[in-house]
Novice: 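Take a look at the following structure, please.
Keep in mind it's a predicted model, so treat the numbers as computed, not measured. Just follow the structure's listing: the first ligand is 1, and inside any ligand the first atom is 1. Excluded from the calculations below are hydrogen atoms, water molecules and symmetry mates; all remaining heavy atoms, backbone and side chain alike, are included.
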Amino acid sequence: MRNPTKSNSAAETKDDRILGVVEGDPGGPTVVVVTGLHGNEPVGVDAARNLYEMLKDVRPQINGRLIILRANLPALEHNVRYLDEDMNRLWFPSIIEKVRNTPEARIKSNERRQMKQLLPILDDIEERSDTPVVLADVHTFSAEGSMFTITSSDPRQRELLSNLYVPMVYGIEKSLQGTALGYYQNQGFISFGLEGGQHENNLTEYNITASLLLLLYAVGSIEKQYVEKIKDFERHMKEHTKNLPVETELVYQHIIEAGDGFAMRPGYANFQPIKEGEWLANDNKGKIIAQTDGYILMPLYQRQGNDGFFIIKENEG
Ligand SMILES: [Zn+2]
């Protein structure tokens, strides 16, 4: 790793893929925070940087390791979701194998070159960890409305993530093909997506910072006395999400085909209740009507993206 020591804040450049590493007591958990898989989501990077600044010099030192990464550097630089292809739809074993075996100069897609640079860093983290690596993949979204996590309903994950006081959504991790979190879940990581809020909402950075710190507390990297903010963060997150369903499940995903002219009707926000038959969006074929009751999730209000919206339902089990 390029930055194996705890303080690298002096020399951060736009090329730094490893944004910060906090090395604490050996034998503790390894937490990896991946930011910027989508380049139009820089708030996740800022929040992860806050976390690093809070913890880099904390004493007693943290238990285990915290590693903060930026994934798609050129897309972040241009503030676009991606340059050539969606970097969070590429994590198929066949593509990864090909990327690993092709010299970087011969890879045409920016996102695959980014992947080529990211893979050895994650390989190294995995190799050096005796316990499962916890990987938080941080995103933001275009609609207004509450943050949530994308996770499997595995009891181990449910229990861990319930400490964040962020609504948990099950099933999206299976329906979205080729995500980094899906790939690393199959590699034995405890991985989840943290969808931290609207791209530019004032609260998004604070909420992501809070959730990540609560994650570190939940896995045992830090103890309450290390960071006074934990209590505030906990109180804030409980208040912020108190009217939302704790556990939900995906029931419908609207996939956009290239050139189909998808346009979400205005005014939808995450966790807004919808009714079967409700007119949600339009495309070239006409009206798109809700197939079921539920809550709407991630209605698309930006140009780039393959998913028009999701519908989730409160988890009964
Ligand atoms: Zn994203």
Novice: By atom name, which N, O or S atom belonging to His38 lies closest to the Zn ion (ligand 1)?
Specialist: ND1
Novice: Do Leu37 and Ile172 share a hydrophobic cluster, counting only Ile, Leu, Val, Met, Phe, Trp and Tyr and linking them when any side-chain heavy atoms are less than 4.5 Å apart?
Specialist: no
Novice: With a 4.5 Å limit on heavy-atom distance, are the side chains of Thr151 and Glu247 in contact?
Specialist: no
Novice: Without hydrogens or angle criteria, can the side chains of Gln117 and Glu104 be said to hold a donor-acceptor pair below 3.5 Å?
Specialist: yes
Novice: Do any N/O/S atoms of Glu41 come under 2.8 Å of the Zn ion (ligand 1)?
Specialist: yes
Novice: Out of the N/O/S atoms in His139, what is the name of the one closest to the Zn ion (ligand 1)?
Specialist: ND1
Novice: Looking just at side-chain N and O atoms, do Gln302 and His199 make a donor-acceptor pair shorter than 3.5 Å?
Specialist: yes
